[in-house]
Amino acid sequence: MTGTAGFTGSLARSRATPTTGGGSRTFTLAGREWDLLDGVFAPTHSATTLVAMELLGLAGDGRGFHGQGSFLEIGSGTGVIAVSAALAGCDRVVATDINPAAVRNTALNARRHGLTGRLTALHGDLFGPIGAHERFDTVYWHSNYVLAPAGYRYEADIERAYVDPGYRAHRRYLSEAPGMVAPGGAALLQFSERGDLGLLRRLADECGRTLRPLHRRRLREGDADIELTLYEICVNR
């Protein structure tokens, strides 16, 4: 998909997310139980989170996990990816989200799985909450790949999980993520063919970056088959 043709449908899906009136509910994914708070992207409504785990090697026993050492997740949502990375052996996991409810949700699932001391959930936009000198072996973002018009203003925090006006967040991630990586590490971006890959590649080029595809998966979502790709962001020399 190119342009902003799909953004209204994505916003409609975000607004259709059921709520509990301020409480939490649980769901099962990849053989584990998770808490879900109101106002947070629900992995039960889309297979993309499970596919993300598969692309990273976190599904099942996690032995095929793409990362090691320290792990930073941008846009953690419920915390499924960050928690799974810690359970797969990462010794330090940090997760950020601009949605305060998602930060609480990530911390809640860290406690549920006994990881309070190894996983830190921080509130802020992309790398804003991260110390200037911190570096990670793996930096990862399952992006809000649907392009919204540049002038669109979010009406609720949960919309941030679905759409990115003008791909401003994508530009920042492409520019800043490699600088957060420790020597020998990798900056990763999961993207969907429902996003504007042409624009993403142009932004990468403007930032002096190349997108190297690592793994792909297809899934059925609604009436369509879509492809998700895990990219490594490489710095042009």
Side-chain angles (χ1 to χ4, degrees), residues 13-14 16-130 134 136-144 156-162 188-190 219 228 230:
R13 286 192 292 276
S14 76
T17 303
T19 63
T20 61
S24 65
R25 53 200 184 278
T26 61
F27 64 96
T28 301
L29 186 68
R32 295 189 175 103
E33 291 291 315
W34 307 90
D35 290 287
L36 174 64
L37 298 181
D38 289 349
V40 180
F41 176 84
T44 51
H45 296 158
S46 171
T48 56
T49 300
L50 181 58
V51 171
M53 296 180 73
E54 293 172 352
L55 290 170
L56 286 166
L58 286 170
D61 60 12
R63 292 180 182 176
F65 180 39
H66 192 277
Q68 59 181 354
S70 55
F71 184 88
L72 170 63
E73 182 182 18
I74 300 300
S76 60
T78 55
V80 167
I81 297 295
V83 167
S84 297
L87 293 173
C90 284
D91 52 18
R92 181 170 69 104
V93 177
V94 177
T96 75
D97 205 297
I98 197 169
N99 180 353
V103 178
R104 294 193 297 272
N105 207 151
T106 297
L108 185 62
N109 278 315
R111 289 195 297 272
R112 170 181 277 274
H113 293 283
L115 297 169
T116 302
R118 287 173 51 203
L119 193 158
T120 302
L122 301 174
H123 177 233
D125 189 8
L126 293 176
F127 303 103
I130 306 300
E134 289 192 71
F136 299 85
D137 295 299
T138 303
V139 177
Y140 170 79
W141 183 31
H142 177 185
S143 78
N144 51 349
D157 280 331
I158 194 172
E159 293 181 359
R160 298 176 184 273
Y162 287 81
L188 305 178
L189 171 68
Q190 181 171 309
L219 73 153
L228 299 181
L230 182 67

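Everything numeric here is computed off the predicted structure, so don't read it as measured data.
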- request: Report the C-alpha separation of Leu50 and Leu29 in whole Å, then their side-chain angles, then the decisive distance to 0.1 Å, and conclude whether the side-chain contact (heavy atoms from CB on, under 4.5 Å) test is met.
  value: CA-CA 7 Å; Leu50 181 58; Leu29 186 68; 4.0 Å; yes

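- Side-chain contact between Phe27 and Val80: present, with at least one pair of heavy atoms (C-beta onward) separated by less than 4.5 Å.
- The two residues Pro129 and Thr96 come nearest to each other via the heavy atoms CG-CG2, 4.1 Å.
- The closest side-chain heavy-atom distance from Ile81 to His142 is not below 4.5 Å.
- At least one side-chain heavy atom of Ile130 sits less than 4.5 Å from a side-chain heavy atom of Phe136.
- Between the Ser84 side chain and the Leu58 main chain, no donor and acceptor come within less than 3.5 Å of each other.
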message: Apply salt bridge (charged side-chain N to carboxylate O under 4.0 Å, His left out) to residues Asp137 and Arg92 and explain how you reach the verdict.
response: CA-CA 10 Å; Asp137 295 299; Arg92 181 170 69 104; over 6 Å; no

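- Distance OG1/Thr48 to CD/Glu54: 11.0 Å, rounded to 0.5 Å.
- Using a 4.5 Å heavy-atom threshold, the side chains of Leu55 and Val51 count as touching.
- Taking every heavy atom of both residues into account, Asp157 and Pro100 meet most closely at OD2-CD, 3.5 Å.
- For the pair Leu72 and Thr138, the minimum side-chain heavy-atom distance is 4.5 Å or more.
- Here Leu188 contributes atom CG and Ile74 contributes atom CD1; the two are 12.0 Å apart, rounded to the nearest 0.5 Å.
- Side-chain N or O atoms of Thr106 include one that pairs as donor or acceptor with a backbone N or O of Gly77 at under 3.5 Å.
- Atom CG of Leu36 and atom CZ of Arg25 lie 4.0 Å apart (nearest 0.5 Å).
- No side-chain heavy atom of Thr44 sits less than 4.5 Å from a side-chain heavy atom of Thr28.
- Side-chain N or O atoms of Asp35 include none that pairs as donor or acceptor with a backbone N or O of Thr26 at under 3.5 Å.
- The two residues Ser76 and Ala95 make their nearest non-hydrogen contact at CB-CB, 3.6 Å.
- Smallest separation of non-hydrogen atoms from Asp91 and Ser70: OD1-N, 3.8 Å.
- Distance check: Asn105 CG to Thr78 OG1 gives 5.5 Å after rounding to the nearest 0.5 Å.
- Here Arg160 does not pair with Asp97 in a salt bridge; the nearest charged N to carboxylate O distance is not below 4.0 Å.
- Of the possible donor and acceptor atoms, one in the side chain of Arg118 sits under 3.5 Å from a partner among the backbone N and O of Cys90.
- With sequence neighbours excluded, no residue forms a salt bridge (charged side-chain N to carboxylate O under 4.0 Å, His left out) with Arg111.
- Note on residues 92-124: pairs passing ring-ring contact (aromatic ring centres under 6.0 Å, His included), not counting sequence neighbours, are Trp34-His113.
- Nearest approach of Val103 to Leu122, heavy atoms of both residues: CG2-O, 3.5 Å.
- In terms of heavy-atom proximity, Phe41 sits nearest to Thr49 at CE2-OG1, 3.8 Å.
- Each of Asn109, Leu87, Thr120 was compared with Leu115 under the side-chain contact (heavy atoms from CB on, under 4.5 Å) criterion, and only Leu87 meets it.
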task: Give the intermediate values and the outcome of side-chain contact (heavy atoms from CB on, under 4.5 Å) for residues Trp141 and Gln190.
output: CA-CA 6 Å; Trp141 183 31; Gln190 181 171 309; over 6 Å; no

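- The shortest distance between side-chain heavy atoms of Leu230 and Leu56 falls below 4.5 Å.
- The main-chain N or O of Ala82 is found under 3.5 Å from a side-chain atom of Glu73 such that the two form a donor-acceptor pair.
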